[in-house]
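Structure first, commentary second.
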Protein chains: 2
Amino acid sequence: MIDLEHKSKSIAHICVVRSCNCLDCPSRWAAMASTERNESAGAGGVRARVRAELTAEIKAAATRQMAESGASALSLRAITRELGMASSAIYRYFASRDELLTALIIDAYNDVGVTVENAAASVPAGDRPGRFLALAVALRSWAIEHPNQYALIYGSPVPGYVAPEDTIASATRVPVVLLSLLLEGETEDSADQEGELADALRGLVDFTEGTISPDALALGVETWAELFGLLSLELFGHFENTVTDPERFFIHAVESMAARVLGDDG
Amino acid sequence: MIDLEHKSKSIAHICVVRSCNCLDCPSRWAAMASTERNESAGAGGVRARVRAELTAEIKAAATRQMAESGASALSLRAITRELGMASSAIYRYFASRDELLTALIIDAYNDVGVTVENAAASVPAGDRPGRFLALAVALRSWAIEHPNQYALIYGSPVPGYVAPEDTIASATRVPVVLLSLLLEGETEDSADQEGELADALRGLVDFTEGTISPDALALGVETWAELFGLLSLELFGHFENTVTDPERFFIHAVESMAARVLGDDG
DNA sequence: TGAGAAACGAGAGCAGTGCTCTCGTTTGTC
DNA sequence: GACAAACGAGAGCACTGCTCTCGTTTCTCA
């Protein structure tokens, strides 16, 4: 597996692979390890280990249940039944249904994140359209294999639910891969940070520390939007009787996006 | 208000305005009047009238409640409380929660449908980029004013819920406006209906009776996807800390799409 | 006009949910 | 070994969608 190279100077903090060792990234990656979050109470004790195991079992049962019936049909009582414990016991591990859902959301973000990272890294760095295609196809495959998890993170948020800080680091993995790929070679020492477009994309402009032109960033966000628009329309049933072969059309659209954003050259 | 002209020959059955009187459209529009669906029992009787009124009141209360707490928090019992009736009485009007939801979905599709149709029709037919911009801005405004209704129809479908036939006619209104606008003047007497792309878009190719090239159709679907991708990313919170001014960026993206799909000319 | 049928509203009830509280037990720590 | 924290189990609360029954109202048709 070939790592995406780390352009610490040209694209600040946009590090695609976990092995990146620039200043800011380690903390970001560390924050993503949601699985290890519940193991903090008691270091190496027996109790801590069985707690971690049960926490994982609960999440596994929840994931299984969600894959069958969707996120909003997820029932804490059904999980406790499956695990043979009292219905009240689950609250020792997750304070509420929302907290379990948040853990599942983080896991889903990380799952699709590593999938996309690996797909991009499996194509030589020089072949940008190839990487883009691999990335997009991997994203779609993941979405189709995990429709309910896709809906959980990219569909309508459950009412009243506000994503906690914990999720944002994991949530950025896919767009970061996408942007870092699309913007390779598009960087400047000091891009124009003024203007309407730069204002509209202020968050992104600051994130990239002004090394990328607002126009290039805008193209990247547009691509991001079309990618998820295609997937959402397909997965949520809006291609019925219209786009008869979504896979073939998806590849066509991805190639068209690649030509538009990356240019026609390899 | 200026009607979009009806190109019965060039774009078969893609009629943008309700006043269209081609062969196939009247039945389509008729099927969209979900409001009148429950009035069929008893023509002009008193009972039928109060039934229609109560049905409308239930839907109004449901819409109000959904606007506050989202679709999955919608409670039949809360509606009956608000209306001062027994909890069981609501089942005389809607056989299940899903049936109420379906009615709300149809209404939402029609609501956004007329909004977009009117916006497109408010710009002279010759100004295609202007129409596209008006259409897109109206679509976004509607989405922002009705976020929960947007999520209801374009977000993740509720688990186990399958859209009944009733919804598809209403659901096609927005894409039909979009496609008919994008494809004006792009028609041919007999476009190539073969090839991979035509196969992938078989449903659309058949719908347009082969008068539009698969390439043009693909561009239209891509635009559709980017439009809804932009809105979904924004409304579902994925632009947080990234696209700081979503409205401004949306307009930029729409103009970029218009230039790409409609060409740079007016 | 009056009888029968259909539609209706209200209430009780069932099975399910998220969540809380209490109580006795187990485990870890000083 | 004492004490506290963590834990599992159970009962219980308020809520949900939905069903069934029963008495009343309304419509229809002879």
Side-chain angles (χ1 to χ4, degrees), chain A residues 37-59 61-62 65-66 68-105 158-162, chain B residues 37-59 61-62 65-66 68-105 158-162:
Chain A
R37 285 194 322 138
N38 265 304
E39 300 175 17
S40 50
V46 179
R47 187 168 239 169
R49 211 189 55 235
V50 309
R51 179 180 179 82
E53 281 172 10
L54 228 179
T55 304
E57 271 185 61
I58 290 172
K59 288 206 291 183
Q65 191 178 310
M66 203 182 63
E68 288 171 11
S69 326
S72 68
L74 184 134
S75 157
L76 298 189
R77 294 184 106 113
I79 293 172
T80 59
R81 272 196 301 273
E82 187 178 326
L83 267 54
M85 61 204 286
S87 67
S88 57
I90 199 173
Y91 292 93
R92 300 279 180 197
Y93 299 87
F94 295 94
S96 68
R97 192 175 177 274
D98 268 10
E99 200 175 292
L100 211 200
L101 231 36
T102 301
L104 295 183
I105 287 173
V158 309
Y161 177 84
V162 274
Chain B
R37 285 195 321 139
N38 265 302
E39 299 174 18
S40 51
V46 179
R47 187 169 239 167
R49 210 188 56 234
V50 309
R51 179 181 179 82
E53 281 172 11
L54 229 180
T55 305
E57 272 185 59
I58 290 172
K59 288 206 292 184
Q65 192 178 311
M66 202 181 64
E68 288 172 10
S69 325
S72 70
L74 183 134
S75 157
L76 298 189
R77 292 185 106 111
I79 294 173
T80 58
R81 272 195 302 273
E82 188 178 326
L83 267 53
M85 62 204 287
S87 67
S88 57
I90 199 174
Y91 292 93
R92 300 280 181 196
Y93 299 87
F94 295 94
S96 68
R97 191 175 177 276
D98 268 10
E99 199 175 293
L100 211 201
L101 231 36
T102 300
L104 295 182
I105 288 174
V158 310
Y161 177 85
V162 273

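What you are looking at is a predicted structure, and each value in this text was computed from that prediction instead of being measured. Throughout, a chain's letter reflects where its sequence line sits, starting with A, and its residues are numbered from 1.
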Using nucleotides 23-25 of chain D, report all nitrogen or oxygen pairs with the protein that are shorter than 3.5 Å.
{"residue": "D/dT25", "atom": "O2", "partner": "B/Arg47", "partner atom": "NH2", "Å": "3.1"}

Whole angstrom is fine here: how far is it from CZ in A/Arg49 over to C1' in C/dT27? 14 Å

Specify the separation, in whole Å, of atom CD1 of B/Ile79 and atom C1' of D/dG17. 12 Å

Length of the CZ-C1' vector between B/Arg92 and C/dG11, whole Å: 13 Å

Selected nucleotide, minimal atom distance to B/Val46 side chain, candidates C/dA10, C/dC19, D/dC27: D/dC27

Return the value, rounded to whole Å, for the distance between atom CG of A/Leu101 and atom C1' of C/dT17. 15 Å

B/Leu76 CG to D/dT19 P, straight-line distance once rounded to whole Å: 11 Å

Under the side chain to side chain contact (heavy atoms under 4.5 Å, CB included) test, which residues partner B/Ser88, sequence neighbours left out? B/Ala86

Mind checking side chain to side chain contact (heavy atoms under 4.5 Å, CB included) for A/Arg81 and listing every partner two or more places apart, or none if nothing turns up? A/Arg77, A/Ala78

So, taking the atom named CG in B/Leu76 and the one named CD1 in B/Ile58, what distance separates them when rounded to the nearest 0.5 Å? 9.0 Å

Residues in salt bridge (Lys or Arg N to Asp or Glu O under 4.0 Å) contact with A/Glu68, at least two apart in sequence or another chain: none

In this structure, how many angstroms lie between the P atom of C/dA7 and the CG atom of B/Leu54, rounded? 16 Å

OP1 or OP2 of C/dC8 sitting under 4.0 Å from any side-chain N/O of B/Arg51? yes

Report the residue (B/Ala78 or A/Met85) whose heavy-atom-nearest nucleotide on DNA chain D is the more 5′ of the two. A/Met85

A/Leu83 CG to D/dA9 P, in whole Å, measures 11 Å

Quick one, A/Leu54 and A/Met85 - any side-chain contact, counting heavy atoms below 4.5 Å? yes

The reported gap from CZ in B/Arg97 to OH in B/Tyr91 (rounded to nearest 0.5 angstrom) is 9.5 Å

Could you tell me how far apart B/Tyr93 (OH) and C/dC8 (P) are, to the nearest whole angstrom? 5 Å

Check nucleotides 11-15 of chain D against the protein and report each pair of N or O atoms closer than 3.5 Å, with its distance, or say if there are none.
{"residue": "D/dG12", "atom": "O6", "partner": "A/Arg77", "partner atom": "NH2", "Å": "3.4"}

Closest-nucleotide ordering on DNA chain C, the 5'-leading residue of A/Ser96 and B/Ala86: B/Ala86

What contact category does A/Ile90 fall into here, base, sugar-phosphate, or nothing, at under 4.0 angstrom with non-hydrogen atoms? nothing

Measuring from A/Met66:CE to A/Ser72:OG, what's the distance to the nearest 0.5 Å? 10.5 Å

How many angstroms lie between atom CD of B/Glu99 and atom CD1 of B/Ile90, to the nearest 0.5 angstrom? 11.0 Å

Candidate list A/Thr102, A/Thr55, A/Ile79, test side chain to side chain contact (heavy atoms under 4.5 Å, CB included), partner A/Phe94, passing option: A/Thr55

